[in-house]
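In what follows, a single structure is set out as structure tokens and then discussed.
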Protein chains: 2
Amino acid sequence: MEYEEMKDACPCQEVHTDLLDRVRAEMPDETSLYEAAELFRLFGDSTRIRILSVLSCAEVCVCDLSQTLNMTPSAISHQLKLLRQGKLVKCRREGKSIFYSLADDHVRTIIRQGLEHVEE
Amino acid sequence: MEYEEMKDACPCQEVHTDLLDRVRAEMPDETSLYEAAELFRLFGDSTRIRILSVLSCAEVCVCDLSQTLNMTPSAISHQLKLLRQGKLVKCRREGKSIFYSLADDHVRTIIRQGLEHVEE
DNA sequence: ACAACAATTGAACAAACGTTCAAATGTATT
DNA sequence: AATACATTTGAACGTTTGTTCAATTGTTGT
């Protein structure tokens, strides 16, 4: 009811109704977009993208990450947990150390894409 | 001093020094990574990615966005401001309305990439 | 000049976030 | 069993974030 009134109140509505219908038809479903946002959110923090960037080069242990990025193992570990949950990285234990690597090549691609966009 | 001790305390260091040197050499510079993170952060919110997704289909006014996404013009406008600052969208005025569109094709590409990754 | 409308803005607020710290877990060494 | 070390975990903290609300700006029509 309210919504209908709002619709009428906006002159745009009259003009752009078919446009919006087309947009609605073409749009990816809400769930996919929500998941894509969740994915990008993981890349959207400098600590996490630096971790992923290191893992783009090599498989390394938490200790190495901690040294390379000059952050505490705890801070790194918390972020690794998020990256693991998001299926962006995988890990394997070797003695006391745990080695992390990218879960798949998509991750590398996405980072490259982002870097390409900013380096212009 | 403390840092040196930490270094010695970690057996990894001895083992992976050359690896880490190689990683450091290959890594993009801090600034690029930071900017890439900032870019991805913009895609990492469901409201913003939905806005961008609409703009991938068509140039629309704030009013249209507000209706399509079922959110207040104010909320939309706040997010559009961030997208404008990040150079992801551009706008032009036409009478009382302001029409938004994607700033360039990269944006479309990045969204597509993200969607591809989640739809698997 | 005034009313109507599209859009923007700033302050306020709750929710989500990232790091720190202390404690815990798991593995190898003695 | 006990120690040492790599990593993880949970609680706490200050900071950032997204939305709401009320007020404002800019444009059109009367």
Side-chain angles (χ1 to χ4, degrees), chain A residues 5-16 34 37-38 40-52 59-86 89-101, chain B residues 2 5-16 34 37-38 40-52 55 59-86 89-101:
Chain A
E5 279 183 280
M6 197 166 133
K7 243 177 154 176
D8 293 338
C10 175
C12 293
Q13 254 334 57
E14 303 309 323
V15 183
H16 306 130
Y34 184 82
E38 275 206 319
F40 285 127
R41 198 177 53 78
L42 288 172
F43 290 88
D45 169 80
S46 63
T47 298
R48 285 193 297 265
I49 205 171
R50 284 190 307 149
I51 290 175
L52 293 172
E59 181 192 50
V60 301
C61 65
V62 179
C63 190
D64 287 342
L65 281 169
S66 166
Q67 303 254 346
T68 307
L69 305 183
N70 200 31
M71 295 182 66
T72 67
S74 177
I76 299 289
S77 185
H78 278 297
Q79 299 302 343
L80 283 172
K81 186 177 195 174
L82 296 176
L83 294 175
R84 248 184 293 130
Q85 288 170 342
V89 304
K90 57 186 197 296
C91 61
R92 72 183 170 84
R93 182 179 275 277
E94 188 179 311
K96 278 182 289 190
S97 297
I98 299 183
F99 285 81
Y100 279 83
S101 55
Chain B
E2 291 259 6
E5 279 183 281
M6 197 168 131
K7 244 178 154 176
D8 293 338
C10 174
C12 294
Q13 253 334 56
E14 303 309 322
V15 184
H16 306 129
Y34 185 81
E38 276 205 319
F40 286 127
R41 196 177 56 76
L42 289 171
F43 290 87
D45 170 80
S46 63
T47 298
R48 284 192 298 266
I49 206 171
R50 285 191 304 149
I51 290 175
L52 293 172
L55 301 184
E59 181 192 51
V60 301
C61 63
V62 179
C63 189
D64 288 340
L65 280 169
S66 165
Q67 304 254 347
T68 307
L69 305 184
N70 201 31
M71 296 181 64
T72 67
S74 176
I76 299 288
S77 186
H78 278 295
Q79 299 303 342
L80 283 172
K81 186 177 194 174
L82 296 176
L83 294 174
R84 247 184 295 130
Q85 288 169 342
V89 303
K90 58 186 197 297
C91 61
R92 74 184 168 83
R93 181 178 276 278
E94 187 178 313
K96 278 182 286 190
S97 299
I98 300 184
F99 285 82
Y100 280 82
S101 55

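Chain A is the first sequence line, chain B the second, and so forth, proteins listed ahead of strands; every chain is numbered from 1.
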Task: Base-contact (B) and sugar-phosphate-only (S) positions in nucleotides 24-30 of chain C, heavy-atom cut-off under 4.0 Å, - elsewhere - done: --BBS--
TODO: To the nearest Å, give me how far apart CD (A/Gln85) and P (C/dA16) are.
DONE: 15 Å
Task: side-chain hydrogen bond (donor to acceptor under 3.5 Å, both in side chains) partners of B/Arg93, counting only residues at least two apart - done: none
Open item on the list: Going by the rule ring pair (Phe, Tyr, Trp, His ring centres under 6.0 Å), which residues pair with B/Phe43 if we only count those two or more places apart in sequence or in a different chain?
Closed with: A/Phe40
TODO: For B/Leu83 and D/dT17, give me the distance from atom CG to atom C1', rounded to whole Å.
DONE: 14 Å
Task: Exam field: side chain A/Ser66 to backbone A/Thr72, donor-acceptor pair closer than 3.5 Å - done: no
Task: side chain to side chain contact (heavy atoms under 4.5 Å, CB included) involving B/Lys81 - partner list, sequence neighbours excluded - done: B/Arg84, B/Gln85
TODO: Might you work through the side chain to side chain contact (heavy atoms under 4.5 Å, CB included) test for A/Leu65 and A/Leu80, ending with a clear yes or no?
DONE: CA-CA 10 Å; A/Leu65 281 169; A/Leu80 283 172; 4.1 Å; yes
Task: Interatomic distance where CZ belongs to A/Phe43 and P belongs to C/dG18 [whole Å] - done: 14 Å
Table of protein N/O atoms under 3.5 Å from nucleotides 8-11 of chain C N/O atoms:
{"unit_1": "C/dT8", "atom_1": "OP1", "unit_2": "B/Tyr100", "atom_2": "OH", "d": "2.4"}
{"unit_1": "C/dT8", "atom_1": "OP2", "unit_2": "B/Ser77", "atom_2": "OG", "d": "2.8"}
{"unit_1": "C/dT8", "atom_1": "O5'", "unit_2": "B/Ser77", "atom_2": "OG", "d": "3.2"}
{"unit_1": "C/dT9", "atom_1": "O4", "unit_2": "B/Ser74", "atom_2": "OG", "d": "2.7"}
{"unit_1": "C/dG10", "atom_1": "O6", "unit_2": "B/His78", "atom_2": "NE2", "d": "2.7"}

- [ ] Could you tell me whether the side chain of A/Ser77 and the main chain of A/Pro73 form a donor-acceptor pair under 3.5 Å?
- [x] no
Open item on the list: Name the residue from B/Leu83, B/Leu42, B/Thr47 that meets the side chain to side chain contact (heavy atoms under 4.5 Å, CB included) definition with B/Leu52.
Closed with: B/Leu83
Task: Whole angstrom value for the distance that separates P of C/dA7 from CD of B/Gln67 - done: 10 Å
- [ ] Could you list the residues that satisfy side-chain hydrogen bond (donor to acceptor under 3.5 Å, both in side chains) with B/Glu59, not counting sequence neighbours?
- [x] B/Arg92
- [ ] Measure the distance from CZ on B/Phe40 to P on C/dC17 and round it to the nearest whole Å.
- [x] 18 Å
Task: Length of the CG-P vector between B/Asp45 and C/dA15, whole Å - done: 17 Å
Open item on the list: Does a side-chain N or O of B/Thr47 approach OP1 or OP2 of D/dT19 to a distance below 4.0 Å, or not?
Closed with: yes
TODO: Specify the separation, in whole Å, of atom CG of B/Leu65 and atom P of C/dA6.
DONE: 14 Å
TODO: Take atom CZ of B/Phe99 and atom P of C/dA7, then tell me their distance rounded to the nearest Å.
DONE: 8 Å
Open item on the list: So, does A/Gln79 get its side chain near the phosphate of C/dC17, meaning an N or O under 4.0 Å from OP1 or OP2?
Closed with: no
Task: Shortest side-chain distance from A/Arg41, nucleotide among C/dC17, D/dT7, D/dT19 - done: C/dC17
- [ ] With sequence neighbours left out, write down each residue that passes side-chain hydrogen bond (donor to acceptor under 3.5 Å, both in side chains) with A/Arg48, or none if nothing qualifies.
- [x] A/Gln79
Open item on the list: Quick check for you: among D/dG18, D/dT17, C/dA6, whose closest atom lies nearest to any side-chain atom of B/Arg48?
Closed with: D/dG18
